[in-house]
Asker: 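Quick one: this structure, given as structure tokens, is what I'll be asking you about.
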Amino acid sequence: MSRVISKAFKTLKLEAPASGVLHVSLNRPENFNAVNPQMWLDLKACFEQIKMDNDVNAVVLSGSGKNFCAGLDLKEGLPLTSGLEQPTETPRDIARKGYYNHMMVLELQKSISAIEECSKPVLCAIDNACIGAGVDIATSCDIRYCTKDAFFSIKEVDIGMAADVGTLQRLPKVVGNISWARELAFTARKALADEALQFGLVSRIFNDKKELLDFTLKMAADIANKSPVAVTSTKTVLNYSRDHSVQDGLNHVALWNTLMHNTDDVNNAITSFLKKKSPKFSKL
Ligand SMILES: CC/C=C\C=C\CC(=O)SCCNC(=O)CCNC(=O)[C@H](O)C(C)(C)COP(=O)(O)OP(=O)(O)OC[C@H]1O[C@@H](n2cnc3c(N)ncnc32)[C@H](O)[C@@H]1OP(=O)(O)O
């Protein structure tokens with residue numbers, strides 16, 4: 001399938017539907033793609049590998065089956081496996097227990113942040129339920145589309161906790177409407193597709209999952225045909241600028257492009273334009 005992503009993931013399905021495009025599906029449809037301990041690990045490993053994989057220029061992220069994601073797997077719970085478990089010697093005081101809980105949350109945050117930091121655009125295709133950790137995942141993506149039956153719920157307050165792996169940090173910046181973001185976070189109420197579009201959580205709505213995936217894959221293929229230097233630079237610059245002042249962002253892009261202007265892709269694109277041909281770019 002690709003140079004870097006060679007191993008199969010237990011909870012993710014990977015397909016390469018077009019050149020430069022990787023389609024990643026959350027793949028626990030029988031559990032509504034609830035995020036279990038294995039999926040936390042798989043998401044981090046998968047998106048860290050995509051970052052280093054020059055066969056992949058754009059990613060589509062969707063859910064297998066009839067839902068995008070029902071949030072944290074409430075049956076399997078939090079990842080107490082694979083190195084994230086606490087030492088078992090007794091007695092453990094509150095500080096010692098707290099230390100490992102803190103480390104675990106930081107590790108889970110990395111699973112979601114790996115999507116944002118993957119440097120290739122990630123287009124999220126959401127159908128039906130997008131709950132809790134599903135919203136964490138969706139808001140870490142670059143672009144969000146959904147079906148008309150989609151709904152979004154920041155469900156964490158209903159299970160007695162503040163969302164802690166990205167939604168509260170990213171959603172207000174994604175939608176720009178702080179009041180709406182806070183309303184959803186405090187109430188856990190469902191926002192339906194039309195409302196998500198109205199407030200900018202998604203940028204398009206489709207009638208059904210086939211239309212949703214067809215369009216999202218087409219957009220990903222269009223992006224994958226562009227200069228990978230230009231596209232990955234654009235994501236890097238957008239992410240940096242979101243979290244810094246305009247002047248800091250301008251300084252960052254000036255420095256970044258001091259290096260990235262030295263790509264063959266600029267000459268290639270201009271020469272192709274003058275010859276009235278479509279440019280073909282080499283891998284990153
Ligand atoms: C450090 C912490 C890091 C991250 C924390 C994240 C927190 C969260 O994600 S909070 C959100 C947790 N998720 C939920 O609260 C969603 C709960 N589920 C539902 O609300 C509904 O099931 C539904 C997804 C809206 C679907 O409703 P419906 O179509 O009516 O189906 P059900 O009969 O309710 O469910 C069918 C079947 O699926 C099981 N299931 C649903 N969601 C989960 C889940 N999140 N985890 C585990 N299992 C889930 C449900 O129990 C049913 O199973 P049965 O065995 O058939 O009873």
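Quick note: residue numbers are just sequence positions, from 1. Ligands are counted one by one from 1 in listed order, and the atoms in each one are counted from 1 as well. This one's a predicted model, so the numbers in the text were calculated from it and none came from an experiment.
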Asker: As an exercise, identify every atom of ligand 1 less than 4.0 angstrom from a heavy atom of Gly71.
Answerer: 9 (O)
Asker: Would Thr147 and Asp149 count as having a side-chain donor-acceptor pair, cut-off 3.5 Å?
Answerer: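 A donor-acceptor contact under 3.5 Å links the two side chains.
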Asker: Taking the side chain from Asn128 and the backbone from Lys66, do they hold a donor-acceptor pair closer than 3.5 Å?
Answerer: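 Indeed, once roles are kept as given, a pair shorter than 3.5 Å links the two residues.
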Asker: Measure from the side-chain N and O atoms of Asn262 to the backbone N and O of Leu259, and report whether any donor-acceptor pair falls under 3.5 Å.
Answerer: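 Yes, Asn262 side chain to Leu259 backbone: donor-acceptor pair under 3.5 Å.
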Asker: Quick check on side-chain contact (heavy atoms from CB on, under 4.5 Å): which of Ile115, Ile154, Thr167 does Thr139 satisfy it with?
Answerer: Thr167
Asker: Heavy atoms only: which of Ser153, Ala70, Ala162 is nearest to atom 12 (C) of ligand 1?
Answerer: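 Answer by nearest heavy atom: Ala70.
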Asker: Do the side chain of Arg144 and the main chain of Ala138 share a donor and acceptor less than 3.5 angstrom apart?
Answerer: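 Checking the backbone N and O of Ala138 against the side chain of Arg144, a donor-acceptor pair under 3.5 Å is found.
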Asker: Which ligand 1 atoms, with their elements, are less than 4.0 angstrom from a heavy-atom of Ala133?
Answerer: 8 (C), 9 (O)
Asker: Look at atom 37 (C) of ligand 1 and say whether a protein heavy atom is found at less than 4.0 angstrom from it.
Answerer: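 So far as the 4.0 Å threshold goes, atom 37 (C) of ligand 1 is out of reach of every protein heavy atom.
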Asker: Would you please say whether a donor-acceptor pair under 3.5 Å links the side chains of Glu195 and Trp180?
Answerer: yes
Asker: Indicate, as side chain, backbone, both or neither, the part of Ile159 found under 4.0 angstrom from ligand 1 when only non-hydrogen atoms are considered.
Answerer: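 Looking at Ile159 and ligand 1, just side chain atoms fall under 4.0 Å.
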Asker: With distance as the sole criterion, is a donor-acceptor pair present between the side chains of Trp256 and Ser233 under 3.5 Å?
Answerer: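 Note: Trp256 and Ser233 side chains meet the donor-acceptor criterion.
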Asker: List every atom of ligand 1 that sits less than 4.0 Å from any heavy atom of Asp164, numbering the atoms from 1 in the order shown and giving each element.
Answerer: 1 (C), 2 (C), 3 (C)
Asker: Need the ligand 1 atom indices (1-based, order shown) with element for anything under 4.0 Å from a heavy-atom of Asp73.
Answerer: 46 (N), 47 (C)
Asker: What are the atoms of ligand 1, with element, lying closer than 4.0 Å to any heavy atom of Lys155?
Answerer: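 Listed by number with element, the hits are 11 (C), 15 (O).
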Asker: Can you find an N or O of Trp40 that's nearer than 3.5 Å to an N or O of ligand 1?
Answerer: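 No: no nitrogen or oxygen of Trp40 is under 3.5 Å from one in ligand 1.
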Asker: Should Ile131 and Phe151 be marked as a side-chain contact (heavy atoms from CB on, under 4.5 Å) after you check the CA-CA gap, both sets of side-chain angles, and the distance that decides it?
Answerer: CA-CA 8 Å; Ile131 302 175; Phe151 66 91; 3.9 Å; yes
Asker: Looking at ligand 1, is there an atom of it that comes within less than 4.0 Å of some heavy atom belonging to Asn31?
Answerer: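 Per 4.0 Å heavy-atom rule, Asn31 does not contact ligand 1.
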Asker: Considering only heavy atoms of Phe32, which atoms of ligand 1 have at least one such atom less than 4.0 Å away?
Answerer: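 Taking each heavy atom of Phe32 in turn, ligand 1 has 24 (C), 26 (C), 29 (O), 31 (O), 35 (O), 36 (C) under 4.0 Å.
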Asker: Side chain or backbone of Leu72 under 4.0 Å from ligand 1, or both, or neither, by non-hydrogen atoms?
Answerer: both
